[in-house]
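Here the structure is laid out as structure tokens; the discussion comes afterwards.
Throughout, residue positions are numbered sequentially from 1 according to the sequence presented.
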Amino acid sequence: MRLDKFICESTELSRAQAKRAIGKGEVTLEGVVVKDPSTKVDDSSEVTYGGRPLRVRGPRYIMLNKPLDTVCTSIEDDYRSVLGLLEIEKAETLHVAGRLDIDTTGLVLITDDGAWSHRITSPKKQCGKRYRVMLAEAVSDDVVERFAEGILLKGERHPTQPARLEIVSSKEVLLTLSEGKYHQVKRMFGALENRVTGLHREQIGNICLDDNLESGEWRYLTEQEINLVD
């Protein structure tokens, strides 16, 4: 890896700022000032910036309890990005693995590991997502079977893949999906002449939302949780 990239990935400096710091003699490699930003370094190299030893950050894996009226993109317009809730260096380099709508709350997974997030979002992986759904009307007696068979959504030619529905009460259910069509949960219940009044994601694959995380709070995943995504 180039020295300027190493500096960029181990500090809050941009690439241009890293090059300027190197040119000013603020960076050492193995105890010697180096002014060439193209100098090659690796993870075992002893690099300092301003006298502080540096190490390249490894991949980051985060779970966050998404609050209402936030978006899962890095672009903030009328609503705040969930990335803005993370008080960490270079949060803008992270992305959400499996987005939620503005009015949906619950578990989002955030990372800078593209291969790991692909294993969550790829349709081929069939990574199930479980939602707690609140409804305007009581569910019908055949709703579990209807979801298990697949539901034809408005504007679609084929029904949804089979989904698992568990009834909590007449107006509250747990729904597990293995696909992610646009507004799918709302459209599925809409096809059954019902309306979603609240939607909260509790689980992605085998990773469950930490009950200790209040709305808007986050934590790093444990190594065991990271390895649950295969």
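Note: the hydrophobic cluster containing Leu153 also contains Val185 (ILVMFWY, side chain heavy atoms under 4.5 Å, direct or indirect links). At a threshold of 4.5 Å between side-chain heavy atoms, the hydrophobic network of Ile, Leu, Val, Met, Phe, Trp and Tyr places Leu213 and Leu86 in two separate groups. By the criterion of side-chain heavy atoms lying less than 4.5 angstrom apart, applied directly or through intervening Ile, Leu, Val, Met, Phe, Trp or Tyr residues, Val144 is grouped together with Leu192 in one hydrophobic cluster. Hydrophobic clustering (side-chain heavy atoms under 4.5 Å, transitive across Ile, Leu, Val, Met, Phe, Trp, Tyr) keeps Val82 apart from Ile102.
A side-chain donor-acceptor contact under 3.5 Å links Lys66 to the backbone of Thr104. For Thr111 (side chain) and Ser117 (main-chain N/O), no donor-acceptor pair under 3.5 Å exists by modelled atom type. Counting only distance, with no hydrogens or angles, the side chain of Gln203 and the backbone of Gly205 share a donor-acceptor pair below 3.5 Å. Between the side chain of Glu172 and the backbone N or O of Ser169 there is no donor-acceptor pair closer than 3.5 Å. Checking side-chain atoms of Arg201 against main-chain N and O of Leu107 turns up a donor-acceptor pair under 3.5 Å. Counting only distance, with no hydrogens or angles, the side chain of Lys35 and the backbone of Val33 share no donor-acceptor pair below 3.5 Å.
Applying the 6.0 Å contact sphere to CD of Glu223 captures no more than 12 heavy atoms from other residues, nucleotides or ligands. In this structure, Glu193 places its CD atom where only 12 or fewer heavy-atom neighbours from other residues, nucleotides or ligands lie under 6.0 Å away. Counting heavy-atom neighbours within 6.0 Å of Arg164 CZ, excluding the residue itself, gives a total of 12 or less. The environment of Asp141 atom CG is sparse: at most 12 non-hydrogen atoms of other residues, nucleotides or ligands sit within 6.0 angstrom. No more than 12 heavy atoms of other residues, nucleotides or ligands shown are found within 6.0 angstrom of CD on Gln224. The number of heavy-atom neighbours closer than 6.0 Å to CZ of Arg99, taken from other residues, nucleotides and ligands shown, is 12 or below.
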